[in-house]
Participant: 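There's a structure below that I have some questions on.
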Amino acid sequence: GKSSFARAAARHLGAQLLDLDEVVEREVLKCKIIEYVERHGWPAFRDAETRILAALLTHRDFVPDVSAACVVATGGGVVESRMNREMLMMHRPVLYVDRHIDDIVAFLQGDGSRPKLGTSPRTVYAQRKTLYEKCSDFTFSIRKGDNAWARLEARFAHLASWAASNGLGVPPSNPVCVPIVAE
């Protein structure tokens, strides 16, 4: 998922990797997201997520080396907040990993580590899809059933590199933040 794609992109770019969910858990929640959402609800989690995203993108808080490039992996719900979408669009390029909804549903059915969405994954996907497309510069589409992860990660890393270089094929000279909006 998003973490393996972000890791591949960071490695390819020679950049740092920050997973927004991990930073939120460590710096604000002090517990796993599933526990926090069960106790406090999605709105409280989304508020914490927005605060950390702002600190990360605006001030580069939580970034070990503020002078180095950084890849930021975000959770799929980050686009639900208008403020988050605006922040992402100010820190381009944004890459959207678009997995087929049938594969997302199959993945979620076998994963008990995520909080309940409150509605069906298909409904959530339909609500978020336009938001993903609106705030992303590039879409990395994964065909239904494609699970050749090593190949997909390598292709995604090349897309991230090209996107971060403004299509010039050369690494950026200044720090770059490549938020990844993933399912």
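For this chain, numbers begin at 1 and follow the sequence in order. Values reported hereafter were calculated over all heavy atoms of this structure, with side chains retained and with hydrogens, waters and symmetry mates removed.
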Participant: How many angstroms lie between CG in Asp102 and CZ in Phe107, if you round to the nearest 0.5 Å?
Facilitator: 15.0 Å
Participant: Look up atom CD in Glu27 and atom CD1 in Ile52, then write down how far apart they are to the nearest 0.5 Å.
Facilitator: 6.0 Å
Participant: Using modelled atom types and a 3.5 Å cut-off, is there a donor and acceptor pairing between side-chain atoms of Gln16 and backbone atoms of Asp65?
Facilitator: yes
Participant: Roughly how far, to the nearest 0.5 Å, is the CG atom of Leu56 from the OG1 atom of Thr74?
Facilitator: 10.5 Å
Participant: Can you name the nearest heavy-atom pair linking Val78 to Glu49, along with the distance?
Facilitator: CA-OE1, 3.7 Å
Participant: Counting only heavy atoms from other residues, nucleotides and ligands, does the tally under 6.0 Å from CZ of Arg26 exceed 12?
Facilitator: yes
Participant: When rounded to the nearest 0.5 angstrom, what distance separates OH in Tyr96 from NZ in Lys134?
Facilitator: 14.0 Å
Participant: Determine, for Glu35 against Lys32, whether the closest basic-nitrogen to carboxylate-oxygen distance falls under 4.0 angstrom.
Facilitator: no
Participant: Under 6.0 Å from the NZ atom of Lys144, do we count more than 12 heavy atoms belonging to anything else shown?
Facilitator: no
Participant: So for atom CE, which belongs to Met89, do other residues, nucleotides or ligands contribute more than 12 heavy atoms lying within a distance under 6.0 Å?
Facilitator: yes
Participant: Less than 4.5 Å apart, side chain to side chain, heavy atoms only: is that true for Ile104 and Ile101?
Facilitator: yes
Participant: Counting distance only, does the side-chain N/O of Ser120 pair as donor-acceptor with the main-chain N or O of Thr123 below 3.5 Å?
Facilitator: yes
Participant: So which heavy atom on Ala6 is nearest to which on Leu17, and how close?
Facilitator: CB-CD1, 3.4 Å
Participant: Specify the closest pair of heavy atoms between Val94 and Leu88, including all atoms of both residues, with the distance to one decimal.
Facilitator: CG2-O, 3.3 Å
Participant: Would you check if the side chain of Asp146 reaches a backbone N or O of Ala148 as a donor-acceptor pair within less than 3.5 Å?
Facilitator: yes
Participant: Is Thr58 reaching over with its side chain to a backbone N or O of Ala54, donor-acceptor style, under 3.5 angstrom?
Facilitator: yes
Participant: What's the separation between atom CG in Leu18 and atom SG in Cys70, rounded to the nearest 0.5 Å?
Facilitator: 4.0 Å
Participant: Would you say the side-chain atoms of Glu80 pair up with the backbone N or O of Arg128, donor to acceptor, closer than 3.5 Å?
Facilitator: no
Participant: Can you tell if the side chain of Asp21 reaches within under 4.5 Å of the side chain of Lys2, non-hydrogen atoms only?
Facilitator: yes
Participant: Minimum heavy-atom separation for Cys135 to Val79, with atom names?
Facilitator: SG-CG1, 3.9 Å
Participant: Per the side-chain contact (heavy atoms from CB on, under 4.5 Å) rule, which among Leu152, Leu159, Val71, Leu95 passes with Phe5?
Facilitator: Leu152
Participant: Compare all side-chain heavy atoms of Tyr132 with those of Asp98 and state whether any distance is below 4.5 angstrom.
Facilitator: no
Participant: Any chance CZ of Arg122 has more than 12 other-residue heavy atoms, nucleotides or ligands included, within less than 6.0 Å?
Facilitator: yes
Participant: For the residue pair Arg99 and Phe140, would you count it as a cation-pi contact if the rule is NZ or CZ under 6.0 angstrom from the ring centre and within 45 degrees of the ring axis?
Facilitator: no
Participant: If you compare all heavy atoms of Leu13 against all heavy atoms of Ala164, which two are closest, and at what distance to 0.1 Å?
Facilitator: CD2-CB, 4.0 Å
Participant: Is there a donor-acceptor contact under 3.5 Å from the side chain of His91 to the main chain of Leu57?
Facilitator: yes
Participant: Ignoring hydrogens, what is the shortest heavy-atom contact between Val105 and Pro121? Give both atom names and the distance.
Facilitator: CG2-CB, 4.0 Å
Participant: Give a yes or no on whether Phe156 and Trp149 share a hydrophobic cluster (residues Ile, Leu, Val, Met, Phe, Trp, Tyr; joining criterion: side-chain heavy atoms under 4.5 Å apart).
Facilitator: yes
Participant: Would you call the rings of Phe45 and Trp42 parallel, tilted or perpendicular, where under 30° means parallel and over 60° means perpendicular?
Facilitator: perpendicular
Participant: May I ask you to decide if Ser141's main-chain N or O and Thr139's side chain share a donor-acceptor pair within less than 3.5 Å?
Facilitator: no
Participant: Could you give the distance from CE (Met87) to OG (Ser81), rounded to the nearest 0.5 Å?
Facilitator: 6.0 Å
